[in-house]
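The block underneath contains the structure these notes are about, expressed in structure tokens.
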Amino acid sequence: MSDPLIRIEGIAKRFAARDGTSSTVFENVHFGIEQGEFVCLIGHSGCGKTTILNILAGLEPASDGYVFVGGREIRGPSLDRAVIFQSHALMPWMTAFGNIAFAVTSRWPEWDRARLRDHCQKYIDLVNLTGAEKKRPAELSGGMKQRVGIARALAIQPKMMLMDEPFSALDALTRGMLQEEVLRICAETRQTAFMITHDVDEAILLADKIILMTNGPEAKIAEIVVNTLPRSRSRHTLHKEPHYYPIRNHLVDFLVSRSKQFNESLPADYDPKNPPLVSPGLSGAVPAAAAVPPRPVEKAVVVNLRH
């Protein structure tokens, strides 16, 4: 199998303390993300989730290790990686169209006005904001602001979209609507995405793979859960899928108990360079990739769940 689009090799983050010692947030983190794959990262506060996202974005250096995108090591921010933060991060003096156009102009400064207008309108329509082009952020609802942020990220056609709990500040109804918007958009555009979330159901709805982090300090990747639900998912029918409860129970069990115990008693066969791939709901040595075609997973096969 060819190398994944994004390859993370042994990254760590340490901070110096006043007494001269250092504190390790996480270490020896390895994983890959394939082209067109949607990956979620789940873990308790303090395990370094946002720091990992910032390292992928090039906004923060790793203390150890390397990150490669398309076979090239990243050394700073790039328009190949678009970030959607928890807050909308829109420029308040610009319209919705203006915010998107600013990003597009940064990517393609040679474009004329007609091409710029058509391109921005395409992504405004994609996130269902047609008619709101001339509104400034103060005139938009929270959900509409986040949709402008999503359109701005997609409009520069990045190799990877990075999202840091983008729906956490929204009400449940708006959050559910935007989750399905993102699901639809990623299916249409085959966008590669990496998202941090605390919401188990959100991860099951959106992700092809769910990375589980142990508690910090010295957090690690405990395992990578392959989402075996069909890719055409809906939040209204998710609970009717036969693999839904095995996956959900596995994730909740990890967050409630195993994430706290993992660092204290590492499994004898634990290899941080090849975190175990598990597929709750499947039995036997069934290749995980068979459950979620056509998006491939890494070269491991299903392993027994650890309790």
Side-chain angles (χ1 to χ4, degrees), residues 1-12 24-34 37-44 47-49 52-53 56 64-68 193-198 200 203-204 206-229 242-293 295-307:
M1 184 182 293
S2 59
D3 284 344
L5 174 67
I6 290 90
R7 194 170 81 250
I8 292 87
E9 294 188 353
I11 60 171
T24 301
V25 182
F26 58 83
E27 60 182 356
N28 217 358
V29 169
H30 298 257
F31 63 92
I33 302 175
E34 302 286 348
E37 197 168 41
F38 199 119
V39 173
C40 280
L41 178 64
I42 291 182
H44 288 285
C47 71
K49 299 185 301 298
I52 290 175
L53 183 140
L56 287 175
D64 287 324
Y66 307 92
V67 178
F68 299 92
F194 176 81
M195 187 172 85
I196 292 170
T197 181
H198 282 104
V200 166
I204 297 173
L206 298 175
D208 299 308
K209 292 191 303 194
I210 303 164
I211 299 173
L212 301 180
M213 292 283 291
T214 67
N215 286 17
E218 300 183 7
K220 302 173 180 63
I221 292 181
E223 59 192 30
I224 299 174
V225 175
V226 178
N227 192 346
T228 54
L229 272 63
H243 294 174
Y244 168 73
Y245 283 107
I247 294 173
R248 191 180 195 281
N249 292 342
H250 184 77
L251 298 178
V252 171
D253 173 62
F254 176 84
L255 292 172
V256 170
S257 58
R258 291 191 297 122
S259 62
K260 304 172 185 177
Q261 303 162 358
F262 195 92
N263 288 353
E264 299 171 4
S265 55
L266 284 173
D269 60 347
Y270 177 72
D271 178 4
K273 294 184 179 181
N274 292 287
L277 279 169
V278 300
S279 295
L282 293 183
S283 59
V286 180
V292 198
R295 304 187 184 193
V297 297
E298 285 145 352
K299 53 191 173 185
V301 295
V302 179
V303 298
N304 292 329
L305 305 186
R306 294 191 175 94
H307 296 285

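We number each residue from 1, following the sequence as shown.
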Query raised in the report: Just one of Asn227, Val278, Val226 clears the side chain to side chain contact (heavy atoms under 4.5 Å, CB included) bar with Ile247, so which one?
Result: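 Result for side chain to side chain contact (heavy atoms under 4.5 Å, CB included) with Ile247: Asn227.
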Spell out, as yes or no, whether a donor-acceptor pair under 3.5 Å connects the side chain of [X] to the backbone of [Y].
X	Y	value
Asp208	Glu37	no
Thr214	Lys220	yes
Lys49	Gly43	yes
His243	Pro280	no

Query - Contacts of Phe26 that satisfy ring-ring contact (aromatic ring centres under 6.0 Å, His included) - sequence neighbours left out - result: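 Counting only residues at least two positions away or on another chain, Phe26 forms no ring-ring contact (aromatic ring centres under 6.0 Å, His included).
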Query raised in the report: Any side-chain heavy atom of Phe254 within less than 4.5 Å of one from Val225?
Result: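 No, side chains not in contact.
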Query - Note, Val200 side chain near Arg248 side chain (heavy atom, < 4.5 Å) - result: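 Yes, their side chains come closer than 4.5 Å.
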[atom1]-[atom2] distance between [X] and [Y], expressed to the nearest 0.5 angstrom:
X	Y	atom1	atom2	result
Ile224	Phe31	CD1	CZ	8.0 Å
Ile211	Met195	CD1	CE	12.5 Å
Leu206	Thr197	CG	OG1	8.0 Å
His198	Leu41	NE2	CG	9.5 Å
Ser259	Asp253	OG	CG	9.5 Å
Leu56	Ile8	CG	CD1	5.0 Å

Tell me the closest heavy-atom pair linking [X] and [Y], and the distance in Å.
X	Y	answer
Pro275	Ile221	CB-CG2, 3.7 Å
Met213	Ala219	CE-CB, 3.9 Å
Gly32	Pro4	CA-CG, 4.0 Å

Requested in this report: Sequence neighbours left out, what passes salt bridge (charged side-chain N to carboxylate O under 4.0 Å, His left out) with Glu9? Give chain and number order.
Outcome: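 With neighbours one apart ignored, the set is Arg7.
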Query raised in the report: What's the verdict on side-chain contact (heavy atoms from CB on, under 4.5 Å) for Val39 and Ile6, showing C-alpha distance, side-chain angles and the deciding distance?
Result: CA-CA 11 Å; Val39 173; Ile6 290 90; over 6 Å; no
Query raised in the report: Of all residues at least two apart in sequence or in a different chain, which pass the side-chain hydrogen bond (donor to acceptor under 3.5 Å, both in side chains) check with Asn249?
Result: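 In terms of side-chain hydrogen bond (donor to acceptor under 3.5 Å, both in side chains), with neighbours along the sequence ignored, Asn249 is linked to no residue.
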**Report entry** Test side-chain contact (heavy atoms from CB on, under 4.5 Å) applied to Leu255 and His44, step by step
**Finding:** CA-CA 7 Å; Leu255 292 172; His44 288 285; 4.2 Å; yes
Requested in this report: Quick one: sort the Phe262 and Tyr270 rings into parallel, tilted or perpendicular, breaks at 30° and 60°.
Outcome: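 Perpendicular, since the angle between the ring planes exceeds 60°.
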